[in-house]
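Notes to accompany the following structure.
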Amino acid sequence: MNVFSIYLGHVHDALNALVKEGAIPAGLDFSRVVVEPPKDETHGDLATNAAMVLAKDAKQKPRDIAEKLAAKLKSAPHVAKADVAGPGFINLALENGFWLEVLRAAIGAGKDFGRSGLGKGEKVNVEYVSANPTGPMHVGHGRGAVFGDALANLLSFAGYAVTREYYINDAGAQVDVLARSAFLRYREALGDDIGAIPEGLYPGDYLVPVGKALAEKYGRTLLQKPDGDWLPLVRQTAIDMMMDMIREDLAALEIRHEVFFSERSLTSGGKDKVAETIEFLRKAGHIYEGRLPPPKGAPVEDWEDREQTLFSATAFGDDVDRPLMKSDGTYTYFAADMAYHRDKIERGFRTLIDVWGADHGGYVKRMNAAVGALGAGKVALDVKLCQLVRLMRAGEPVKMSKRAGEFITLREVVDEVGVDPVRFMMLFRKNDAQLDFDLAKVIEQSRDNPVFYVQYAHARGRSVFRNAKEAMPDLSTDASALSAADLTVLSDEAELALVKKLAQWPRLVEAAAEFHEPHRVAFYLYDLASTFHSLWNKGKDAPHLRFIMEDNPKFTMARLSLVSGLVGVLASGLAILGVRAAEEMR
RNA sequence: GGCCCCGUAGCUCAGCGGAUUAGAGCAGCAGCCUUCUAAGCUGUUGGUCGCAGGUUCGAUUCCUGCCGGGGUCGCCA
């Protein structure tokens, strides 16, 4: 039940009535007309820009249209007030009774309140994390992981059929470096003194178990083999173990992908999806042999001007055309990525979302160009970049050096502060803004900590029910009793403010889903929690506003209904964020 | 140098895809709180929305150019 879309309907009805009367011309485009909460709450409950948007085409002054429209809207259902304001806004106030019915509907819908059919079951692919399987994930990966996961939850709640996907970069030179690094650890496990790890190999301790596993599996047999023979074996073992580790780290964050797509699988097993993709694009006229100008201004030491296979990315908005083959004859990462995205399209997705770290920003245009070419304009790609995370402790940056052992892994952070603070704080910021993550602050149990503040609101709401049961054992507080409660006693401003805030939830879900912005959910929940806490505090001075009134079951039931609505929205909002809705705070 | 992101109150950040008087938290200031509903509460001072143009009846929001911060720049992924 989205109040705003309901009233958008009433505005349309009123406009059509005006057309019928000849008060405004027929054939106007209503698509830009919106009904939204006014910026300033004192203006009313709803505001519409209809008069201003239509003024030009109607060839009338905005305020003239607004007057006529407001007069019509006065007789729309449950409208208590319709005023014209400013340049031509119409501010509507609705009867309290209407808002209370929204609350009743919300309670009736339970966990499904706010669930939307916006997505119409359309398939959406969300690719996120996709960290290289060459080591543990760092905190930056964690942000993309949480963002992607929450976005997937959100889209699912908004009616899309979401697939959560991880692209394993198991084909390039980096996994060969991984294999060589693991081989060293293998020799170490067999008793060799390997000394310092050479420059260019991965020095981290996390490869020690890989070495041991290799030693157990292969004994000394790999030592005699030439590189070309042992490398694929070692590589696969190392990748598998790294992916197991990454999966465990993700599981610790309560993230589970449905599809793990291997880059190597594109060209293994006798097929070559990359070649097919290039052929596909060649037939479409987007591939040519040619030379590239060297990058302007950027010094490229070993620039080699050569003729190569290029994708006409510029035809799709990119700055330069992009090479598909390296000088050694293997495919570029981009070529494989195109094949991968083509595969997604072939699987029926028409909306693709890629979640990347900010360091991949330079890659966005070419991927958009690729999907433009591969999807023939019928497939939408939205690349969401997550900016860097700065790890802090009590206001001081945590020092991290790239040398092994001196950087803090995502897992360490999760183990130290817990899943909830990590997930909430990663989402309590727009994805494209940099983020300071303070290990000390996020576990503080105070109003200053948004994680606590929101979880606390939920726990507080639940405690009202526990206390009610104790204080008034005869009171039935099940769902049907709550739905049947007489809500008219909820007449205080602070109570109605909470009801109205709850009523915004369905609209917020749709907007957040539409723009792929899960942070809006986090901010909304914070706001909602704040509204609730403030009502609670009011009860301190004003006993008649307390939730439990032992001598007054009627008031108590109404307030329990309100709390029930609140708890429901907090719970489903937190579920989207993947944050636990606590029964009580400890 | 090219491209991308960011620039909003002293600090950290929102701002619903152009509109009514630009918001929140912290800090600051002023009160209340010797009490119970749960980790205090209430009120309040702060802003030429980086700068300059442009589009528009209307721009923090869209466009262009600067300035400042970050990222990135074939054969890494």
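Basis for what follows: all heavy atoms, side chains included, without hydrogens, waters or symmetry-related copies. So that the names make sense, note that chain A is the first sequence line, chain B the second, and so on, each numbered from 1.
Among the nucleotides C75(B), A24(B), G40(B), the one closest to any side-chain atom of Ser327(A) is C75(B). Taking only side-chain atoms of Gln174(A), from C-beta outward, the nucleotide of A77(B), U20(B), G74(B) with the closest atom is A77(B). Closest to the side chain of Glu263(A), from the set U42(B), G74(B), A77(B), is A77(B). Between U20(B), C41(B), A77(B), one nucleotide has an atom nearer to the side chain of Asn537(A) than all others, and that is C41(B). For Leu385(A), taking side-chain heavy atoms from C-beta onward, the closest of the listed nucleotides C16(B), G40(B), C4(B) is C4(B). Distance from the side chain of Lys430(A) is smallest to A14(B) among C3(B), A39(B), A14(B). Picking from U20(B), C3(B), G74(B) the nucleotide with the shortest atom distance to the side chain of Pro323(A) gives G74(B).
Nucleic acid contact class of Arg460(A) (heavy atoms, under 4.0 Å, all strands): sugar-phosphate only. Heavy atoms of Met585(A) sit under 4.0 angstrom from at least one base atom. Within 4.0 Å (heavy atoms only), Ser463(A) reaches at least one base atom of the nucleic acid. At the heavy-atom level, Arg466(A) lies under 4.0 Å from base atoms of the strands shown. Nucleic acid contact for Asn91(A): base, since at least one base atom lies under 4.0 Å from a heavy atom of the residue. Within 4.0 Å (heavy atoms only), Arg306(A) reaches at least one base atom of the nucleic acid. At a threshold of 4.0 angstrom between heavy atoms, the contacts of Ala85(A) include nucleobase atoms, whether or not backbone atoms are also involved. Within the nucleic acid shown, Tyr333(A) comes within 4.0 Å of at least one base atom, counting heavy atoms only. Across all strands shown, His519(A) has heavy atoms under 4.0 Å from sugar-phosphate atoms exclusively, and none from any base. Among the atoms of the strands shown, only primed sugar atoms or phosphate atoms (P, OP1, OP2) are found under 4.0 Å from some heavy atom of Asn132(A). Counting non-hydrogen atoms under 4.0 angstrom, Gly539(A) reaches a base of the nucleic acid.
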Polar-atom pairs under 3.5 Å, protein N or O versus N or O of nucleotides 65-70 of chain B: list them with distances, or write none.
unit_1 : atom_1 : unit_2    : atom_2 : d
G70(B) : O2'    : Gln434(A) : NE2    : 3.2

Please enumerate all protein N or O atoms sitting under 3.5 Å from an N or O of nucleotides 55-59 of chain B, with distances to 0.1 Å.
none

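The minimum heavy-atom distance between Met137(A) and Ala131(A), with the atom names listed, is CG-CB, 4.2 Å. Nearest heavy atoms, Gly140(A) versus Val389(A): CA-CG2, 4.4 Å. What you find for Val569(A) and Leu525(A) is that their closest heavy atoms are O-CD2, 4.1 Å.
Residue Leu508(A) contributes atom CG, which lies 15 Å from atom P of A14(B) at whole-angstrom precision. Computed from coordinates, the Leu435(A) CG to G71(B) P distance equals 16 Å when rounded to whole Å. We find that NE2 of His533(A) is positioned 13 Å from C1' of G40(B), with the value rounded to whole Å. His516(A) places its NE2 atom 17 Å from the P atom of C16(B), with the value rounded to the nearest Å. Going from atom CZ of Phe428(A) over to atom P of A24(B) covers 14 Å, rounded to whole Å. In this entry the distance linking CD of Gln455(A) with P of A39(B) reads 16 Å, nearest Å. Taking atom NE2 on His141(A) and atom P on A77(B), their separation rounds to 15 Å, with Å as the unit. Following rounding to the nearest Å, Leu545(A) (CG) and C41(B) (C1') show an atom-to-atom distance of 15 Å.
Residues from residues 34-49 of chain A lying near RNA chain B, meaning a heavy-atom separation below 4.0 Å, are Glu36(A), Pro38(A), Lys39(A), His43(A), Ala47(A) in numerical order. Non-hydrogen atoms lying under 4.0 Å from RNA chain B are contributed by Gln445(A), Arg447(A), Asp448(A), all within residues 443-453 of chain A.
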Structure string for RNA chain B in dot-bracket form, Watson-Crick and G-U at under 3.5 Å, | interchain: (((((((..((((.........)))).(((((.......))))).....(((((.......))))))))))))....
Pair Tyr526(A)-Phe424(A), ring-ring contact (aromatic ring centres under 6.0 Å, His included): steps then yes or no: CA-CA 11 Å; Tyr526(A) 182 78; Phe424(A) 194 93; 7.9 Å; no
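For Asn91(A), the side chain to side chain contact (heavy atoms under 4.5 Å, CB included) test picks out His43(A), Ala47(A), Ala85(A), Phe89(A), with sequence neighbours left out. Under the rule for a side-chain hydrogen bond (donor to acceptor under 3.5 Å, both in side chains), the partners of Glu444(A) that lie at least two apart in sequence or sit in another chain are Ser446(A). Legend: residues meeting side chain to side chain contact (heavy atoms under 4.5 Å, CB included) with Glu289(A), ordered by chain and number and at least two apart, are Arg282(A), Glu307(A), Thr309(A). Taking Asn552(A) as the reference, nothing meets the side-chain hydrogen bond (donor to acceptor under 3.5 Å, both in side chains) condition, with sequence neighbours excluded. Partners of Asp354(A) under the salt bridge (charged side-chain N to carboxylate O under 4.0 Å, His left out) rule, at least two apart in sequence or in another chain, are Lys344(A). Partners of His516(A) according to the side-chain hydrogen bond (donor to acceptor under 3.5 Å, both in side chains) rule, which considers only residues two or more places apart in sequence or in another chain, are Asp382(A). Under the salt bridge (charged side-chain N to carboxylate O under 4.0 Å, His left out) criterion, Arg63(A) pairs with no residue at all, not counting sequence neighbours.
The side-chain heavy atoms of Arg460(A) and Met585(A), taken from C-beta on, include no pair separated by under 4.5 Å. The side-chain heavy atoms of Met425(A) and Lys441(A), taken from C-beta on, include no pair separated by under 4.5 Å.
The backbone N or O of Asp318(A) sits nowhere less than 3.5 Å from a side-chain atom of Arg366(A) that would complete a donor-acceptor pair.
Toward the 5′ end of RNA chain B lies the nearest nucleotide of Arg429(A), the other residue of the pair Ile168(A) and Arg429(A) mapping further downstream. Between His360(A) and Tyr526(A), the residue anchored closer to the 5' end of RNA chain B is Tyr526(A), taking for each the nucleotide with the nearest heavy atom.
Aromatic ring centres of Phe428(A) and Phe523(A): separated by under 6.0 Å. The six-membered or imidazole ring of His519(A) lies away from that of Phe147(A), with a centre-to-centre distance of 6.0 Å or more. Not less than 6.0 angstrom separates the ring centroid of His544(A) from the ring centroid of Phe555(A).
Surrounding NZ of Lys61(A) are at most 12 heavy atoms belonging to other residues, nucleotides or ligands under 6.0 Å away.
Base orientation of G46(B): syn, the glycosidic angle falling within 90° of 0.
Screening Asp170(A), Asp176(A), Asp240(A) against Arg235(A) for a side chain to side chain donor-acceptor pair (under 3.5 Å) leaves a single residue, Asp176(A).
Donor-acceptor pairing under 3.5 Å, judged by distance alone, is present between the side chain of Arg507(A) and the base of C16(B).
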